[in-house]
Amino acid sequence: ADGGDAELELSAVRHQPEGLEQLLAQTKFTKKELQSLYRGFKNECPGGLVDEETFKLIYSQFFPQGDASTYAHFLFDAFDADRNGALCFQDFVIGLSVLLRGTVHQKLKWAFNLYDINKDGYITKEEMLEIMKSIYDMMGRCTHPTLRDSAPAEHVELFFQKMDRNGDGVVTFEEFLETCQKVSSSQGGLLRHHHPP
């Protein structure tokens, strides 16, 4: 009988993310949602950790018409909160919670972190261009009319001028927040346009 009990316990644990209570407190997901996300995560990543290559493979399936690898690299870095080169379920689900259920401020903080490639607290024009190029690459040929090669740079130039309010060549989170909120309220959703899930 003891063996049967142990079996049952094991199968319950398999569908239970580690630190469930803590994740309930840290995310906006319910217990059921966390269990269901965990099942999906374990299906894709039985080992419980996703390295960057696996992440790129999974992500590129969503954008078969372009090359998503560079954007996926930046995205991976944004999800990898503890910077250890692998995503555990906790990294994944905390990022997802911000993107799906976070406040505008939290979403913008996450987006800022994505653009801030070297994580020094500032976005430079070069960093913004890197991300913008990776988004254009990922969208591939599906953009009509086909875009000129100079399009990402022009896009960044305009954007950066708006954001860098004091003209010091870098964008702080405060500048980023202010600009995005302005644009967002006037255009109804800058975030949706710029950040594929």
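By convention here, the first residue in the shown sequence is residue 1.
Around atom NZ of K133, no more than 12 heavy atoms belonging to other residues, nucleotides or ligands sit under 6.0 Å away. For F173, the CZ atom sits in a packed shell: over 12 heavy atoms of surrounding residues, nucleotides or ligands are nearer than 6.0 Å.
Distance check, rounded to the nearest 0.5 Å: CZ of F76 to OG of S69 gives 14.0 Å. With values rounded to the nearest 0.5 angstrom, M132 atom CE is found 12.5 Å from D137 atom CG. Interatomic distance, K162 NZ to K182 NZ, rounded to the nearest 0.5 Å: 11.5 Å. Put simply, NZ on K56 and CG on D67 are 9.0 Å apart, with the number rounded to the nearest 0.5 Å. Here D116 contributes atom CG and F176 contributes atom CZ; the two are 10.0 Å apart, rounded to the nearest 0.5 Å.
The backbone N or O of N113 lies less than 3.5 Å from a partner atom in the side chain of K119, making a donor-acceptor pair. Although no hydrogens or angles enter the test, the distance criterion places no donor-acceptor pair under 3.5 Å between the side chain of S36 and the main chain of K32. The backbone N or O of V98 sits nowhere less than 3.5 Å from a side-chain atom of Q106 that would complete a donor-acceptor pair. E52 places no side-chain N or O within donor-acceptor distance of the main-chain N or O of A86, the cut-off being under 3.5 Å. Judged by distance alone, with hydrogens and angles left aside, the side-chain atoms of D91 form a donor-acceptor pair with the main-chain N or O of C88 at under 3.5 Å. Distance alone, capped at 3.5 Å, places no donor-acceptor pair between the S97 side chain and the I94 backbone.
Between M163 and C180, the closest heavy-atom pair is CE-SG, 4.0 Å. Contact detail for D164 and V170: the closest heavy-atom pair is OD1-O, 3.1 Å. Summarising the geometry of G121 relative to F112, their closest heavy-atom pair is O-CZ, 3.4 Å, with the distance given to 0.1 Å. The shortest heavy-atom contact between W110 and L99 is CE3-CD2, 3.6 Å. Closest of all the heavy-atom pairs between A68 and F63 is CB-CB, 4.3 Å. Across every non-hydrogen atom of L114 and A78, the tightest pair is CD1-CB, 4.0 Å.
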Mind listing the side-chain donor-acceptor pairs of residues 23-30 below 3.5 Å, one per line with the distance, residues two or more places apart or on another chain?
unit_1 : atom_1 : unit_2 : atom_2 : d
Q26    : OE1    : Q90    : NE2    : 3.4
T27    : OG1    : L23    : O      : 2.7
T27    : OG1    : F29    : N      : 3.3
K28    : NZ     : R101   : O      : 3.3
T30    : OG1    : E33    : N      : 3.1
T30    : OG1    : E33    : OE1    : 3.4

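In the hydrophobic cluster analysis, where Ile, Leu, Val, Met, Phe, Trp and Tyr join through side-chain heavy atoms closer than 4.5 angstrom, F62 is grouped apart from L57. The hydrophobic clustering, which links ILVMFWY residues whose side-chain heavy atoms are closer than 4.5 Å, places Y122 and I117 apart.
In this structure the side chain of N118 reaches within 4.5 angstrom of the side chain of E127, judged on heavy atoms. Looking at E154 and F159, their side chains never come closer than 4.5 Å, going by heavy atoms from C-beta outward. Counting only heavy atoms from C-beta outward, the side chains of M138 and Y59 approach each other to under 4.5 Å. Contact of the L20 side chain with the Y38 side chain is not registered, since no non-hydrogen atoms from C-beta on lie closer than 4.5 Å. Y115 has its side chain out of reach of E130: every pair of non-hydrogen atoms, C-beta onward, lies at least 4.5 Å apart. Side-chain contact between L87 and L49: absent, with no pair of heavy atoms (C-beta onward) separated by less than 4.5 Å. L129 has its side chain within reach of P152: a pair of non-hydrogen atoms, C-beta onward, lies under 4.5 Å apart.
Under the 6.0 Å cut-off for aromatic ring centres, F160 and H155 do not qualify, their centroids lying 6.0 Å or more apart.
Listed by first then second residue, pairs satisfying salt bridge (Lys or Arg N to Asp or Glu O under 4.0 Å) with a partner in residues 165-176 read R165-E178, not counting sequence neighbours. Contacts classified as side-chain hydrogen bond (donor to acceptor under 3.5 Å, both in side chains) and involving residues 75-88 (residues at least two apart or in different chains) are not found.
Defined by atom type and a distance below 3.5 Å, a donor-acceptor pair is present between the side-chain atoms of T54 and D51.
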